[in-house]
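Structure first, then comments.
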Amino acid sequence: MAFMKQGSKSEPFRREGQTWVCTTGLPSDVTVEVGEISFFLHKFPLLSRSGLLKKLIAESSNEDGPSCVLQLHDVPGGATTFEDITSFCYGVKIEITSLNVVSLRCAAEYLQMTEEYGEGNLVAQTETFLNEIFSNWRDSIKALETCEEVQPFAEDLHIVSRCIDSLAMKACSDPNLFSWPVAARNCKQNQADNRALLNGISTDTRSSQSDDWWFYDVSLLSLPLYKRLITAIEAKGMKSDVVAASLIYYLRRFLPLMNRQSSFTDKGHATIPSTSEADQRALLEEIVELIPNKRGVTSSKNLLRLLRTAMILSASPSCRENLERRVGAQLDQAELVDLLIPNMGYSMETLYDIDCIQRILDHFMSIYQPASVAASPCIIEQGALIAGADALTPMTMVANLLDGYLAEVASDTNMSLAKFQALAIAIPDYTRPLDDGVYHAIDVYLKIHPWLTDSEREQLCRLMNCQKLSLEASTHAAQNERLPLRVIVQVLFFEQLRLRTSISGWFFVSDNLENGHQHSGNVLPNDDPCQRDTAEGNENLRERLLELEKECSSIRSELQKLTKTKKSWSILPKRFGFRKKSESSNSSDMKTPTSTTNGKPDHGNG
């Protein structure tokens, strides 16, 4: 969009080094200095259009005679804008665009080029043009960008605020309804987004412009202008998640660290921009403060990347604490790979930042842990336990996430037992339907830390509840030479109890089925195929259950003999289908547990 001021077609000026000379042939009677450029001009064209120049020429003529020198070093836009001003005063055609209208408007105001000094003066023409570009998204963006060059003058004339209000209104509206020109990121995208319009309304059932259509354009603005614009957009009712997405987009343009993966396996490193680390840190801290403080408006992945970037850039403690608190509020939405934040501390005690995750877990528990928790029963059926736990609750999801994190950090040889235990108990045991994940993490830790003493191994194994191991995990644990012998015996003991309870339940169901069929036998014909099939199935089931009961009794007898001879220990795994890997345990350590505390085996005497 451009506006032409019509005048003479010949060009009456030429540039000679640091001077600007009028070529009309008339001698110059006024010199205007703007910065390092000197303009050799004539008084009449200038004073007929500008009130300020008329005043300065009058004052200077009284002192210096017919020729005078004026200094206008403060004119908005500098020498470039004053060239257009001079051309306008001489009646030469000038082009007003979205890139120069702000500086021309400010310079016209500064030079007092109002209607008092000629009809259709520059103030009126630039103001009319501004009102026209405010209805166009692309031109409004360009005009707002140029406001920074003449910021004080543009603020006094309310150009910045008017431009921001216009852009905020458009960003909150559907551009397809009004066919606003939107700056495309590339030609292919622009062609793809040009849908056919019917009566000014897009006929495409899909949104040809998604909610992020304005992200790229506003990211071209400087941080002060961007902050004002995004605040205005939010105030006009833009959804919080869209505002947050725009803030993340803006950060990613200037902080390459935001585009890296959080793990050590990342191979793609973005080019570090020329922006200093201090500027990047200041940018990060300001943007974090602008992100809406609502759960879910920003993904946990982006929050954790922000936190990792804040650590690398040594952001303020308040900024990092803010991010840790936000991550903790929605930790159930995080992924394991994003939690693996490298340790940025000077000590580098551990490979990953364990203390940071501990604080995040504490924030999470302060929100989600109920005031009182009922104690779990001592013996729990595996099926009933899984069915009774809601796998989608935030605490259960975080428990599963933590178990995976424990398995990852357990492979770090510098991971202390105290920190490992503190992490494991951060989430209560009742949130885990099964303790398979805890067992896996313990197994990894024992494998990487073979120097642990017997008491330390016993202490570590207290983190898991042997009652809550699946059949697969129990099978593995019963053969695991890294576990203390006492734990292996407990695993076998609870498997025997679970088997016994299952057998009792099957007998109860079988008896009820048999009694029911006997009661209905008076009604149904004896040769009913369904009845015969049911009777045969019950008989087969009873025979199988009898075999399981005998096996259970045999296992119980062997457990009772376990403390008397080593030979019994060699027989016991065979009953479970295991092969003995070693014979290194003392029989005095193999006592069958007989009591539990809060639903967990009592290891206090180990």
Side-chain angles (χ1 to χ4, degrees), residues 2-114 117-118 121-123 125-126 129 142-157 159 222 274:
F3 173 82
M4 301 292 185
K5 169 66 174 69
Q6 299 295 331
S8 68
K9 294 183 180 181
S10 60
E11 182 60 52
F13 305 102
R14 72 172 183 270
R15 178 78 175 267
E16 297 178 355
Q18 299 297 318
T19 61
W20 209 66
V21 183
C22 180
T23 60
T24 58
L26 298 176
S28 172
D29 57 2
V30 59
T31 302
V32 181
E33 297 179 354
V34 181
E36 297 180 353
I37 306 297
S38 297
F39 293 83
F40 295 94
L41 307 172
H42 304 90
K43 295 179 181 179
F44 178 76
L46 299 180
L47 58 85
S48 64
R49 284 292 189 176
S50 169
L52 177 63
L53 291 176
K54 181 179 181 180
K55 176 183 176 183
L56 294 176
I57 289 173
E59 294 175 352
S60 179
S61 298
N62 294 333
E63 300 174 359
D64 301 334
S67 181
C68 61
V69 177
L70 307 178
Q71 294 184 346
L72 295 178
H73 299 302
D74 294 331
V75 64
T80 301
T81 300
F82 192 74
E83 288 181 17
D84 291 334
I85 295 289
T86 303
S87 296
F88 181 86
C89 292
Y90 276 79
V92 177
K93 176 176 64 176
I94 66 171
E95 183 180 15
I96 303 178
T97 69
S98 57
L99 295 176
N100 66 8
V101 64
V102 174
S103 58
L104 284 174
R105 174 67 180 87
C106 294
E109 187 73 22
Y110 178 84
L111 295 172
Q112 302 174 16
M113 301 178 69
T114 61
Y117 300 95
N121 212 342
L122 194 56
V123 167
Q125 293 193 24
T126 52
F129 188 81
K142 293 178 180 178
L144 183 58
E145 287 183 79
T146 62
C147 285
E148 197 167 13
E149 302 170 2
V150 289
Q151 186 90 13
F153 301 97
E155 293 286 1
D156 290 342
L157 296 175
I159 298 176
S222 64
S274 58

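- Residue Ala143 comes nearest to Val102 through the heavy atom pair O-CG2, 3.6 Å, listed as atom of the first residue, atom of the second, then distance.
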Are Glu83 and Ile37 close enough, and set up right, to give a side-chain contact (heavy atoms from CB on, under 4.5 Å), and what steps lead you there?
-> CA-CA 10 Å; Glu83 288 181 17; Ile37 306 297; 5.6 Å; no
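- No donor-acceptor pair under 3.5 Å is formed between the side chain of Ser50 and the backbone N or O of Leu46.
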Under the side-chain contact (heavy atoms from CB on, under 4.5 Å) criterion, do Val150 and Thr81 qualify, and how do the steps go?
-> CA-CA 11 Å; Val150 289; Thr81 300; over 6 Å; no
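- Shortest non-hydrogen contact noted between Leu72 and Phe82 is CD1-CE1, 3.8 Å.
- When all heavy atoms are compared, the tightest approach of Asn121 to Phe88 is OD1-CE2, 3.4 Å.
- Here the CG atom belonging to Leu70 is positioned 7.0 Å from the CG atom belonging to Leu53, to the nearest 0.5 angstrom.
- The CG atom of Leu122 sits 13.5 Å away from atom CD of Gln112, with the distance rounded to the nearest 0.5 Å.
- Annotation: the span from Asp84 atom CG to Thr126 atom OG1 amounts to 12.0 Å, rounded to 0.5 Å.
- Between atom OG1 of residue Thr97 and atom CZ of residue Phe129 there is a gap of 6.5 Å, rounded to the nearest 0.5 Å.
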Stepwise side-chain contact (heavy atoms from CB on, under 4.5 Å) check, Cys106 with Ile159 | CA-CA 9 Å; Cys106 294; Ile159 298 176; 4.2 Å; yes
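- Minimum heavy-atom separation, Asp29 to His42: OD1-CA, 3.0 Å.
- Pairing each heavy atom of Val69 with each of Glu33, the nearest pair is CG1-OE2, 3.9 Å.
- Panel note: side chain Asn100, backbone Gly77; no donor-acceptor pair is recorded below 3.5 Å.
- Panel note: side chain Ser60, backbone Leu56; no donor-acceptor pair is recorded below 3.5 Å.
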